[in-house]
Amino acid sequence: MLINQDFQPLNGLAKKLVIEKLLTEQQACQATQEAKNKHVSLVSHLVKSSLLSSQQIAMTASQSFGEPLLDLDAFDSNLIPRGLISDRLIKRHHALPLFKRGTRLYVAVSDPTDITALDEFKFHSGLNTEAILVEEEKLTKAIDTFLEDGDQAIAGFADSEFETLELDVIDTSEKADATKNEDIDDAPLVRFVNKILLDAIKLRASDIHIEPYEKYCRIRFRTDGILHEAIKPPLSLANRIASRIKVMSRMDISERRIPQDGHIKLRVSQAKTIDFRVNTLPTVFGEKVVLRILDSSASKVDIDELGFEPDQKALYLKALYKPQGMILVTGPTGSGKTVSLYTGLSLLNRDDRNISTIEDPVEINLSGVNQVNVHNKVGLNFSAALRAFLRQDPDVIMVGEIRDLETAEIAIKASQTGHMVLSTLHTNSAAETMMRLRSMGVPTYNLASSVELIIAQRLVRRLCDFCKEFLKLPKESLLEAGFDHHDLKNIQIFKAVGCERCHQGYHGRIGIYEVVPMTPSIAELILSDGNSMQLAEQARQEGYFDLRQSGLKKVQQGVTTLDEINRVTVD
């Protein structure tokens, strides 16, 4: 079928109407463009323009797409759930939630090819959505009746969802004039922002990104390490959302020219609070806001849940219980270094030990541990805190990150004088960690004598146990991926599928590790100024897994996929 070059190519319902000869190609193209210009659905425009009747469109859609047709006149309107979807979304998408059954929400639509409404309804309700085809005129009448009975605005979320959701009281007396802004403090906007935070928690997100652009605003969640779009609020709300979050975070809402940092404490139940670390960034089209979700209870895990192989776990515990020395955990931001260290601190946290930490910022609260936040403005940096710790009779010290030579030297000195020191670096492997410290200016003899263990790590998404399926790959592909012939005897590889219990076929994350102790051979290499390649090769010869091998082990165990290992490691 030739398409008029003056119009966009036809698809979906418009294409079917042309195929069924209910419209000419030109009529369909013109109607599609006019509907887009008027910001209405194609079906609504066709009916209002008298080009086709509701019945003609509904019958054609039902036959073409195999969708059952429901007569809304015979439907009991009392079944329509209230509070799940906002009035504004119902108006925007011209779709109506009809009833809820289990975890599924059935939605009345007049165009079954428009899945945007279903996607947004799914996000806002937290339910899986399914379309039910109805006639356009009857849908319009049902929506008008429904909206007449309710008076919801902006978010339109059920107040019951917030019965147990309270924000800690924030003293804004110093900024009283700034916060008396109706656009920031009106109840619908407050509910909208609270709903974003609550949904992120429910979806196990680690970060929330609120991003304004020239023609739209989008909100994305990072779940299991992967960013995905959650909702696109109207662009007109972008500044108001940012301002509301800045008020909650005790930031200066009148300052939009420089980045700001803040903090929110959200009470999700009487026994549980979740912290959000907030940062704003001025962009060309407004302030981008990123919230890091700091759920201390979710971060405290048993060492057996981290993902260490048995021999790796044994090496970590052996180093951890030594009276002195240094354990370094390396990896990029978001690779789980802090959780690994705090799992170790939890094991050491006893009445007979004095434990102190300096972090930027403290992300996990651990009772019985003296935790200090970096405060550069007053001179409280890593090195200053470390000096103070050494005068506080410490047994165990944790340094959030070794960033410079001064911090490295004090930490190494502490590890050589009867203290166990734990810290992190941003390097890619155990071997590169030694090179980084050496490039900072740390003498090789100090490295060889103080470092007990280096752990390089990444987080990989864990396969959903409910929907994962076997994947058969040729022997050559497996060998190329890094498996050896011995591995191929009883190997079972799975692929991610996706279901209502998971996100893209994955649920949660698990660590893969390279755990390398300071052996005599490795110490000798360091003292002789060996490079990172030589150190890595020596570790392999001594039988210590690198990250790739550790990842392939998780694939063999059916914990994750080969695609996921390829994503986070280098073959």
Side-chain angles (χ1 to χ4, degrees), residues 223-228 306-313 315 329-337 426-435 454-499 502-516 521-522 525 530-571:
T223 305
D224 295 336
I226 304 296
L227 271 174
H228 61 96
L306 292 177
F308 285 112
E309 298 301 321
D311 55 340
Q312 294 177 331
K313 173 187 168 185
L315 287 170
V329 181
T330 78
T333 302
S335 60
K337 300 186 297 295
H426 285 102
T427 56
N428 292 323
S429 66
E432 289 179 30
T433 302
M434 288 300 180
M435 297 302 101
I454 302 176
I455 302 173
Q457 70 177 82
R458 300 290 187 276
L459 289 178
V460 296
R461 290 181 291 172
R462 189 195 293 265
L463 271 167
C464 173
D465 290 329
F466 293 96
C467 65
K468 65 181 182 181
E469 293 181 358
F470 287 110
L471 176 65
K472 190 167 181 63
L473 290 175
K475 179 180 177 181
E476 295 75 16
S477 298
L478 295 174
L479 292 172
E480 187 178 342
F483 295 103
D484 58 36
H485 289 279
H486 176 73
D487 296 329
L488 302 185
K489 292 180 181 178
N490 298 307
I491 193 169
Q492 286 185 324
I493 293 182
F494 294 87
K495 66 177 180 179
V497 178
C499 67
C502 65
H503 179 67
Q504 298 178 351
Y506 300 92
H507 188 279
R509 290 191 288 177
I510 192 169
I512 58 172
Y513 301 89
E514 177 186 13
V515 182
V516 181
S521 300
I522 291 175
L525 257 180
N531 59 38
S532 60
M533 294 179 65
Q534 291 172 316
L535 288 170
E537 179 58 32
Q538 181 62 37
R540 275 194 292 271
Q541 288 180 9
E542 295 187 28
Y544 302 113
F545 281 171
D546 61 19
L547 286 168
R548 179 74 183 181
Q549 291 170 312
S550 181
L552 293 177
K553 197 77 174 175
K554 291 290 187 291
V555 175
Q556 282 182 271
Q557 295 164 356
V559 175
T560 190
T561 64
L562 189 55
D563 286 341
E564 183 68 1
I565 297 304
N566 289 336
R567 184 179 70 85
V568 300
T569 66
V570 178
D571 188 359

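Quick caveat: nothing in here was measured; it's all calculated off a predicted structure.
The salt bridge (charged side-chain N to carboxylate O under 4.0 Å, His left out) test applied to Arg458 returns no partner, not counting sequence neighbours. Glu542 meets the side chain to side chain donor-acceptor pair (under 3.5 Å) test with Thr519, Gln538; sequence neighbours excluded. In this structure, the salt bridge (charged side-chain N to carboxylate O under 4.0 Å, His left out) partners of Lys313, at least two apart in sequence or on a different chain, are Asp304.
Within the 3.5 Å criterion, the main-chain N or O of Arg461 finds a donor-acceptor partner in the side chain of Glu564. One N or O on the side chain of Lys337 and one on the backbone of Gly331 form a donor-acceptor pair closer than 3.5 Å. Proximity of a side-chain donor or acceptor of Gln457 to a complementary backbone N or O of Ser335 within less than 3.5 Å is detected.
A salt bridge links Glu309 to Lys554: one of the charged nitrogens lies within less than 4.0 Å of a carboxylate oxygen.
A tilted orientation is assigned to the rings of His503 and His228, their planes being inclined by 30° to 60°.
Asn428 is not listed as a side-chain neighbour of Leu547, based on a closest heavy-atom distance of 4.5 Å or more. Contact check for Cys499 versus Cys464: side-chain heavy atoms found under the 4.5 Å cut-off. No side-chain heavy atom of Ile512 sits under 4.5 Å from any side-chain heavy atom of Thr560. Residues Phe483 and Leu473 form no side-chain contact, since every pair of their non-hydrogen atoms from C-beta on lies 4.5 Å or further apart. In this structure the side chain of Glu514 never reaches within 4.5 angstrom of the side chain of Tyr544, judged on heavy atoms. Under the 4.5 Å side-chain criterion, counting only non-hydrogen atoms from C-beta, Leu535 is in contact with Met435.
Distance check: Gln492 CD to Gln557 CD gives 12.5 Å after rounding to the nearest 0.5 Å. One distance of note links CD1 of Ile493 with NZ of Lys468; it measures 12.5 Å at 0.5 Å rounding. Rounding to the nearest 0.5 Å places CG of Leu562 at 13.0 Å from CZ of Arg567. In this structure, Asn566 CG and Leu552 CG are separated by 8.0 Å, a value rounded to the nearest 0.5 Å. The distance from atom CD1 of Ile454 to atom OG1 of Thr330, rounded to the nearest 0.5 Å, is 7.5 Å. Expressed to the nearest 0.5 Å, how far CD1 of Ile565 lies from OG of Ser550 amounts to 7.5 Å.
Between Gln312 and Tyr513, the closest heavy-atom pair is NE2-O, 2.9 Å. Looking at every heavy atom in both residues, Thr569 comes nearest to Arg548 through OG1-NH1, 3.2 Å.
Tested against Tyr506 for a side-chain hydrogen bond (donor to acceptor under 3.5 Å, both in side chains), the candidates Thr223, Asp224, Thr561 yield a single pass: Thr561.
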